[in-house]
Amino acid sequence: MGEDDIPAVQQIERQSQMAPWSAQTYRREIRNRQSCRYVVARADTRPPNGSPSTTDYPLLVRMLQRIGLVSLLPTARPPIAGYGGIWLNERSGHITTIAVAPDHRRRGVGELLLNALIDGAYELNAEYLSLEVRVSNLAAQRLYLKYGFRPVGQRPHYYTDNQEDALVMWTDPITTTSFKERLRELRRQLYERLRQQADQPVADNPRSGPMVG
Ligand SMILES: CC(C)(COP(=O)(O)OP(=O)(O)OC[C@H]1O[C@@H](n2cnc3c(N)ncnc32)[C@H](O)[C@@H]1OP(=O)(O)O)[C@@H](O)C(=O)NCCC(=O)NCCS
């Protein structure tokens, strides 16, 4: 995540009913490379061969392309589909935030982001991962359970907007061979899934749809 990504991140935050952070808070976190890692996932709309379809460009750009001037234009970056952050709190890599834009959910973007945050945790020399999640947020809890987080307690009335309790979740040590092997297998499955759906339109995603409790 760069500072120029903050408005798009805040847009997804609003769509996800997350507790809103100020732009100043994001800037402070992004700049704190000593203890934090913030990432975004971009939705690349290019076809699998990597060359952008000419219809992705507005008319002016296509005309400039024809007369060979397109290289003078800044390359438009694909839009942000999701974001997340992690903060080193003593020995624990604490997931501070993670959200995927509603149109991009259930396509593995949340998993991809979580993997990037786990890489961030290794970079920061964290020994465990931890987080809080709303007790009602079963979709997020499923994601975390899949990656080895386990409920260890609750914080009553943690969320100030509706007084909802937070479930506190922790992983086992992330430095063990068993954690790393499980992670490697989950990543293999995720990359296989992402490869398979690469040329599948978002609307055809068989896993999209309402949450299964
Ligand atoms: C939680 C969230 C980040 C998941 O992102 P996503 O891109 O839709 O998730 P993925 O497609 O990567 O799914 C990964 C796993 O999460 C779980 N999951 C995600 N959405 C789910 C849903 N609607 N119902 C049940 N399980 C779900 C599943 O275990 C899934 O694995 P599977 O595909 O093998 O079943 C997304 O729903 C979101 O942004 N929610 C709003 C913000 C939020 O709640 N953030 C968490 C704050 S603690």
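Whatever order the structure lists them in is the order used to number ligands and atoms, beginning at 1.
- At least one N or O atom of Ile98, backbone or side chain, sits closer than 3.5 Å to an N or O atom of ligand 1.
- Between Asp4 and Pro7, the shortest heavy-atom distance links the atoms O-CD, 3.7 Å.
- Of the candidates Glu111, Gln17, Arg106, Arg106 brings a heavy atom nearest to atom 28 (C) of ligand 1.
- Side-chain atoms of Gln197 come within 3.5 Å of backbone N or O of Arg107 as a donor-acceptor pair.
- Checking Ser22 against Arg28 by side-chain atom types alone, no donor-acceptor pair falls below 3.5 Å.
- Numbered from 1 in the order shown, with element, the atoms of ligand 1 that lie under 4.0 Å from a heavy atom of Met18 read 42 (C), 43 (C), 45 (N).
- With a 4.0 Å heavy-atom cut-off, ligand 1 is reached by the backbone of Val100 and by its side chain too.
- Considering all non-hydrogen atoms of both residues, Arg42 and Asp5 come closest at NH2-OD1, 2.8 Å.
- Counting Ile, Leu, Val, Met, Phe, Trp and Tyr side chains that sit under 4.5 Å apart, directly or through other members, Tyr158 shares a hydrophobic cluster with Tyr159.
- Below 3.5 Å of separation, one finds no N or O of Ser16 facing any N or O of ligand 1.
- Polar contact check, Glu132 against ligand 1: no nitrogen or oxygen pair lies under 3.5 Å apart.
- Under the 4.0 angstrom criterion for non-hydrogen atoms, Arg193 is in contact with ligand 1.
- Between Ala99 and ligand 1, not a single N/O pair is under 3.5 Å apart.
- Applying the 4.0 Å criterion to heavy atoms of Tyr144 picks out, from ligand 1, the atoms 46 (C), 47 (C), 48 (S).
- Near Lys146, the atoms of ligand 1 lying under 4.0 angstrom from a non-hydrogen atom of the residue are 31 (O), 32 (P), 34 (O).
- Checking side-chain atoms of Thr176 against main-chain N and O of Pro173 turns up a donor-acceptor pair under 3.5 Å.
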Show me the side-chain donor-acceptor pairs of residues 110-122 shorter than 3.5 Å, one per line, residues at least two apart or across chains.
from	atom 1	to	atom 2	distance (Å)
Glu111	OE1	Tyr147	OH	2.4
Glu111	OE2	Lys146	NZ	2.9
Asn115	OD1	Arg187	NE	2.6
Asn115	OD1	Arg187	NH2	3.4
Asn115	ND2	Glu111	O	2.9
Asn115	ND2	Tyr147	OH	3.1
Asp119	OD1	Arg187	NH1	3.2
Asp119	OD1	Arg187	NH2	2.9
Tyr122	OH	Ile174	O	2.5

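- Distances from atom 5 (O) of ligand 1 to the heavy atoms of Ala140, Gly110, Ser136 show the closest one on Gly110.
- Residue Trp21 forms a side chain to side chain contact (heavy atoms under 4.5 Å, CB included) with just one option from Thr96, Ile6, Val9, and that option is Thr96.
- Considering both main-chain and side-chain atoms, Arg107 comes within under 3.5 Å of ligand 1 through a nitrogen or oxygen pair.
- Those atoms of ligand 1 with a heavy atom of Gly108 less than 4.0 angstrom away are 10 (P), 11 (O), 12 (O).
- No more than 12 heavy atoms of other residues, nucleotides or ligands shown are found within 6.0 angstrom of CD on Gln17.
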